[in-house]
Visitor: 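One structure coming up, written as structure tokens, with questions to follow.
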Amino acid sequence: MTESETPLKTTPLDGLHRALGARMVPFAGYAMPVQYKDGILAEHLHTRAACGLFDVSHMGRIELFGEERARALETLVPGDILSLALGRQRYTQFTAESGGIRDDLMVANLGDRLSLVVNAGCKDEDLAHLRAGLPKSVRIEPLFERALLALQGPKAAAVMARFAPAAGGLPFMGAAEMTVLDAPAVVSRSGYTGEDGFEISLPAAIAADFAQRLLREPEVKPIGLGARDSLRLEAGLCLYGHDIDLTTTPIEAGLAWSIAKRRREAGGFPGDAVVRRQLAEGASRRLVGIKPDGRAPAREGTEIRAPGGAVLGRVTSGGFGPTVNGPIAMGYVAAASAKPGTALELMVRGKALPAAVVALPFVPKRYAA
Amino acid sequence: MSLRFTKDHEWIKREGNLATIGISEHAQGQLGDVVFVELPEVGRVLKQGEAAAVVESVKAASDVYAPVSGKVVEVNPAVVADPALVNRAAQGDGWFFRLELSQPAELDGLMDAGAYAAFAKGE
């Protein structure tokens, strides 16, 4: 279906984005701000220097209730959900029988329920997958109408403390319910930038008011999807549909850290045989960081070759890193070429540009303790 | 002669048998922060409409086409060293390359500033 046939959905902040002079683009069926007046470069650098506010209401939050919720969710994800402590959040993936990734998600234990945050482009399929895969005893509640804001950057904690003092007590990957503007919110200390920060789920009716209050704080500027992408790429974080998808496994994507020992040994998730075999024998290809030698960015789809020779794979995310102040990329290469320091060639506009495998992230992460 | 414009958002300014080429103010605004520019080699012979240069913003890469036919006689190293110059002065110091015209009549088919402004607005 084309865009003209399906009107774009809007988030609760749509009017605010337009009032702020955002350039709106279609993304995952939503009209979303790709940038505001300052532009991607300034927005990116402001987030790393101070604090940026992102509207990520297009993403989907889903809550799971019922005594068997953790055990049941483990049948769909390789993450350790049973040991997830109250008030903690964990990153995992919905895997397929092939070992591929249906979506990646965050799971938080809020005491009486699990709270999932999934990708915008996958949320309807994820909901159907949960309904098909979880027993009747687990109640599944989609909260797709709620707003989700991300406040990211070294000043995020100081700003957030002015509105929700309890947020400052959250450790990295902590999550809790708390009151924001007299409304019930779920706040986690997490994000997609490599910086300290928070993700705040709150009722749509108060979202624009809260966003405007945050934007009145001197440290805070609105940040669009363009800078969100360059920030996450510098942080070496995977983007679903690009760096990971149904054709890539968590092991190939370098996400083995998200699969605890108990789950590796016992399996019990879709694709467990493939994942366990790759853990034991090594995957034939790996997602790596790539630093082009020159100034030319290598975009998604760029062919990666061994110097003067064989095709090793393709770039899955690539562009310009404003903090790195140069081109950066991620892509899959044959396992033998995945070691940092390995020389590569990137085929950009018919020319072989020298590059090298580098350790991720490109910019050191600066999360809270 | 005043500036002429193409539907691909290049501008061209003729001075005798030479012409200077860059991207329009409108185009730089649409692209956003320019972070990389690749220019043609001096001496290269270009046909009208041929991809001649590349301009990349944080988000995307775009081709810059030759508005008319000719031979590249000079390129602007300043936009390679400082790509943001394209944002600051797209229709001035942020020029891309100069051509020695081989088909000057091709210029007659390009838009003047008024026609281009209307075209860009309607896009």
Side-chain angles (χ1 to χ4, degrees), chain A residues 21-27 32-48 223-234 239 242 292-302 315 317-329 346-351 353, chain B residues 8-10 23-47 49-66 72 75-90 94 96-97 120-123:
Chain A
R23 184 176 300 169
M24 304 298 285
V25 297
F27 182 84
M32 296 298 292
V34 67
Q35 64 166 81
Y36 300 85
K37 284 176 180 164
D38 289 348
I40 295 172
L41 215 53
E43 291 171 23
H44 176 116
L45 296 172
H46 182 82
T47 304
R48 294 245 187 268
I223 312 296
L225 290 184
R228 183 171 162 82
D229 190 46
S230 55
L231 287 159
R232 71 89 197 168
L233 178 55
E234 283 187 341
L239 175 58
H242 300 261
D293 287 0
R295 299 292 297 172
R299 307 284 174 178
E300 180 177 358
T302 299
V315 169
S317 285
F320 182 83
T323 302
V324 170
N325 190 24
I328 52 173
L346 303 171
M347 299 304 294
V348 176
R349 292 181 287 274
K351 276 180 279 189
L353 304 183
Chain B
D8 296 313
H9 305 283
E10 292 91 13
I23 67 166
S24 72
E25 179 61 28
H26 172 78
Q28 74 76 19
Q30 290 296 309
L31 279 171
D33 305 299
V34 174
V35 296
F36 177 76
V37 174
E38 189 174 273
L39 298 173
E41 283 184 21
V42 170
R44 186 172 153 197
V45 175
L46 294 165
K47 277 201 208 97
E50 190 176 342
V54 175
V55 56
E56 300 210 24
S57 67
V58 180
K59 278 303 279 179
S62 304
D63 284 319
V64 177
Y65 302 96
V72 179
V75 296
N76 184 5
V79 293
V80 174
D82 176 18
L85 180 59
V86 178
N87 294 115
R88 296 197 302 273
F96 278 44
F97 55 93
K121 202 177 168 189
E123 228 191 8

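Labels below follow one simple rule: chain letters A, B, ... track the order of the sequence lines, proteins then strands, and each chain is numbered from 1.
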Visitor: Check B:Glu56 against A:Pro297 and note the closest heavy-atom contact, atom names and distance.
Guide: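 The pair with the smallest heavy-atom distance is OE1-CG, 3.2 Å.
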Visitor: Residues in side chain to side chain donor-acceptor pair (under 3.5 Å) with A:Arg295, at least two apart?
Guide: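 Result, side chain to side chain donor-acceptor pair (under 3.5 Å) vs A:Arg295: none returned.
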Visitor: Identify which part of A:Asn325 has an atom lying under 4.5 Å from any heavy atom of chain B, answering side chain, backbone, both or neither.
Guide: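 For A:Asn325, there is no contact with chain B at all, as no heavy atom is under 4.5 Å.
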Visitor: What's the spacing between A:Arg232 CZ and A:Ser317 OG if we round to 0.5 Å?
Guide: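 One gets 3.5 Å once the value is rounded to the nearest 0.5 Å.
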Visitor: Taking heavy atoms only and a threshold strictly under 4.5 Å, list by residue number the residues of residues 29-41 of chain B that touch chain A; give 'none' if the list is empty.
Guide: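 Checking residues 29-41 of chain B against chain A gives B:Gly29, B:Gln30, B:Asp33, B:Val35, B:Phe36, B:Glu38.
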Visitor: In residues 75-89 of chain B, which residues are in contact with chain A at a heavy-atom separation under 4.5 Å?
Guide: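 Residues of residues 75-89 of chain B touching chain A at under 4.5 Å: none.
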Visitor: Kindly indicate whether the side chain of B:Ile23, heavy atoms from C-beta on, has any atom under 4.5 Å from the side chain of B:Gln28.
Guide: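 Yes, close enough: below the 4.5 Å cut-off.
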Visitor: Okay, side chain of A:Arg48, backbone of A:Leu231: is any donor-acceptor separation there less than 3.5 Å?
Guide: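 Yes, A:Arg48 side chain to A:Leu231 backbone: donor-acceptor pair under 3.5 Å.
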Visitor: If you look only at distance, which donor and acceptor atoms sit under 3.5 Å apart when one is on a side chain in residues 35-43 of chain A and the other is two or more places apart or in another chain?
Guide:
from, atom 1, to, atom 2, distance (Å)
A:Tyr36, OH, A:His17, ND1, 2.9
A:Asp38, OD2, A:Lys221, NZ, 3.2
A:Glu43, OE1, A:Gly224, N, 2.9
A:Glu43, OE2, A:Tyr36, N, 2.7

Visitor: Heavy-atom cut-off 4.5 Å, strictly under: side chain, backbone, both or neither for B:Ala60 against chain A?
Guide: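 Contact with chain A is through the backbone of B:Ala60 alone.
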Visitor: Would a distance-only check, ignoring hydrogens and angles, find a side-chain to backbone donor-acceptor pair under 3.5 Å from A:Glu234 to A:Thr323?
Guide: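 Yes, A:Glu234 side chain to A:Thr323 backbone: donor-acceptor pair under 3.5 Å.
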Visitor: Using 0.5 Å steps for rounding, measure from the CG atom of A:Leu225 to the CG atom of A:Asp229.
Guide: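 It comes to 8.5 Å.
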Visitor: Is the shortest side-chain heavy-atom distance between B:Glu50 and B:Arg44 below 4.5 Å?
Guide: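 A side-chain contact under 4.5 Å exists here.
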Visitor: Establish, from distance only, whether the side-chain atoms of B:His26 and B:Glu123 form a donor-acceptor pair under 3.5 Å.
Guide: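 Judged by distance alone, the side chains do not pair up.
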